[in-house]
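Just below is one structure, and these are the notes that go with it.
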Amino acid sequence: MVLGALLVSGDGPGRRVGRIVELEAYIGLEDMASHARFGRTKRNAVMFGPPGVAYVYLVYGMHNCLNIVTEAPGRPAALLIRAVEPVAGEAEMRLARIRRAGAHADYERARQQIERLPSSRLASGPGLVCAAFSIERGHDGLDLCAGNSELRLCDAPAGDEPLPVATGPRIGIGFAPEPWLSRPWRFFVAGNPAVSVPGRNVAGHGQVAE
DNA sequence: GCAAAGATTTGCT
DNA sequence: GCAAATCTTTGCC
């Protein structure tokens with residue numbers, strides 16, 4: 001179970017930790033919404049490799065997205081991390097967001113805007129997760145399960161309450177034909193404020209999953 | 001070798 | 001609610 005797991009970046013004072021509260025699954029060559037739909041290419045090569053590895057790519061020419069490879073080698077599948085709820089290192093996340101925004105837009109304006117953000121909005125979108133955790137394409141292929149990785153995953157602490165998991169159709173894949181367009185392969189913690197896409201973060205239209 | 005579109009975010013009308 | 005920003009990857013000539 002990856003939903004509820006912790007994403008950890010760095011060590012010591014600059015350590016950033018977030019709980020994964022929103023995910024999307026992209027599974028197999030036949031999933032017409034997945035980057036794997038064209039077969040193995042230079043970009044998606046790590047999706048065809050061993051599980052537990054990071055797949056990082058650039059979308060729309062400006063935003064990075066983080067995925068976790070999930071299936072055995074030869075079967076391309078990954079989970080897109082769409083949103084994370086900050087647990088530790090909020091200040092560092094804000095700095096990372098400001099650094100990244102400053103490179104593209106007016107620095108002072110971006111700084112003030114990000115300073116005002118509630119912590120639940122620091123990583124509430126696939127591009128924002130990477131901005132807050134300083135994830136770039138150089139992290140493509142990184143082993144997320146190795147304890148000494150710069151970026152790694154940890155299981156949710158034992159004893160935590162079970163999360164109210166809801167499902168729905170994936171976001172931003174309007175180019176894909178049915179049935180892929182409507183597959184309920186988006187998983188999120190119902191009602192959690194860090195979930196992206198305001199208005200679609202409540203249970204009701206989808207079923208409660210495992 | 002060139003044209004088109006994309007697993008997004010933000011700001012303005 | 002709509003369009004811009006921005007550049008890599010894919011697809012076709």
Side-chain angles (χ1 to χ4, degrees), chain A residues 2-3 7 20-48 53-71 76-84 93-94 96-141 167-188 193-201 206:
Chain A
V2 178
L3 201 69
L7 181 66
I20 297 171
V21 295
E22 184 179 359
L23 289 170
E24 279 175 10
Y26 292 84
I27 305 173
L29 289 168
E30 54 308 329
D31 181 355
M32 293 308 283
S34 170
H35 287 165
R37 67 187 181 278
F38 301 120
R40 183 182 183 131
T41 65
K42 189 175 179 184
R43 175 174 65 167
N44 66 24
V46 305
M47 284 182 80
F48 291 76
V53 164
Y55 168 45
V56 182
Y57 65 90
L58 182 71
V59 276
Y60 298 110
M62 51 183 72
H63 300 293
N64 293 307
C65 292
L66 171 67
N67 297 252
I68 305 166
V69 178
T70 52
E71 299 270 337
L79 295 171
L80 169 69
I81 308 302
R82 284 194 58 90
V84 151
M93 294 181 199
R94 275 181 216 280
R97 289 276 311 265
I98 291 166
R99 269 198 306 273
R100 192 156 210 294
H104 294 288
D106 176 45
Y107 179 83
E108 189 57 23
R109 182 197 182 112
R111 188 186 66 75
Q112 291 187 9
Q113 171 123 359
I114 292 168
E115 290 291 349
R116 290 201 318 267
L117 283 177
S119 66
S120 62
R121 301 271 88 182
L122 284 176
S124 58
L128 301 180
V129 170
C130 289
F133 281 76
S134 309
I135 297 166
E136 295 174 32
R137 277 169 302 158
H139 294 97
D140 194 46
T167 66
R170 293 173 288 181
I171 308 291
I173 56 163
F175 60 88
E178 295 288 5
W180 315 109
L181 182 59
S182 300
R183 283 275 151 87
W185 284 353
R186 172 173 176 250
F187 304 86
F188 56 98
V195 171
S196 70
V197 194
R200 289 207 239 181
N201 65 336

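Throughout, a chain's letter reflects where its sequence line sits, starting with A, and its residues are numbered from 1.
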Task: Short side-chain to backbone donor-acceptor contact, A:Arg97 and A:Leu122, under 3.5 Å - done: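 Confirmed, A:Arg97 side chain pairs with A:Leu122 backbone.
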List the residues meeting side-chain contact (heavy atoms from CB on, under 4.5 Å) with [X], not counting sequence neighbours, and say none if there are none.
{"X": "A:Val59", "value": "A:Tyr57, A:His63, A:Cys65"}
{"X": "A:Pro179", "value": "A:Arg183"}
{"X": "A:Ser182", "value": "A:Glu178"}

Open item on the list: Tell me every residue that passes side chain to side chain donor-acceptor pair (under 3.5 Å) with A:Ser120, counting only those two or more places apart in sequence or in another chain.
Closed with: none
Task: Separation between the C1' atoms of C:dA3 and B:dA5, rounded to whole Å - done: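 My reading of the C1' atoms in C:dA3 and B:dA5 gives 16 Å.
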- [ ] Just grab all the side chain to side chain donor-acceptor pair (under 3.5 Å) pairs involving residues 127-137 of chain A, residues at least two apart or on different chains.
- [x]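 Found A:Arg16-A:Ser134.
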With a 3.5 Å cut-off and sequence neighbours excluded, list the donor-acceptor pairs that the side chains of residues 25-38 of chain A form with protein atoms.
residue: A:Tyr26; atom: OH; partner: A:Glu24; partner atom: OE1; Å: 2.7
residue: A:Asp31; atom: OD1; partner: A:Ala33; partner atom: N; Å: 3.0
residue: A:Asp31; atom: OD1; partner: A:Arg170; partner atom: NH2; Å: 3.3
residue: A:Asp31; atom: OD2; partner: A:Ile27; partner atom: N; Å: 3.2
residue: A:Asp31; atom: OD2; partner: A:Arg170; partner atom: NH1; Å: 2.8
residue: A:Ser34; atom: OG; partner: A:Ala36; partner atom: N; Å: 3.0
residue: A:His35; atom: ND1; partner: A:Tyr55; partner atom: OH; Å: 2.8
residue: A:Arg37; atom: NH1; partner: A:Ser34; partner atom: O; Å: 2.8

Just distance, no hydrogens or angles: give the donor-acceptor pairs under 3.5 Å from side chains in residues 110-117 of chain A, sequence neighbours left out.
residue: A:Arg111; atom: NH2; partner: A:Glu108; partner atom: OE2; Å: 2.8
residue: A:Gln112; atom: NE2; partner: A:Glu108; partner atom: OE2; Å: 3.2

Task: Nucleotide-resolved protein contact map, nucleotides 2-10 of chain B, B/S/- at heavy-atom distance under 4.0 Å - done: ----BBBSS
TODO: Could you give me the stems involving DNA chain B, meaning stretches of three or more consecutive Watson-Crick or G-U wobble pairs whose two defining distances are both below 3.5 Å?
DONE: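 Runs of three or more consecutive pairs: B:1-6 with C:7-12, B:8-12 with C:1-5.
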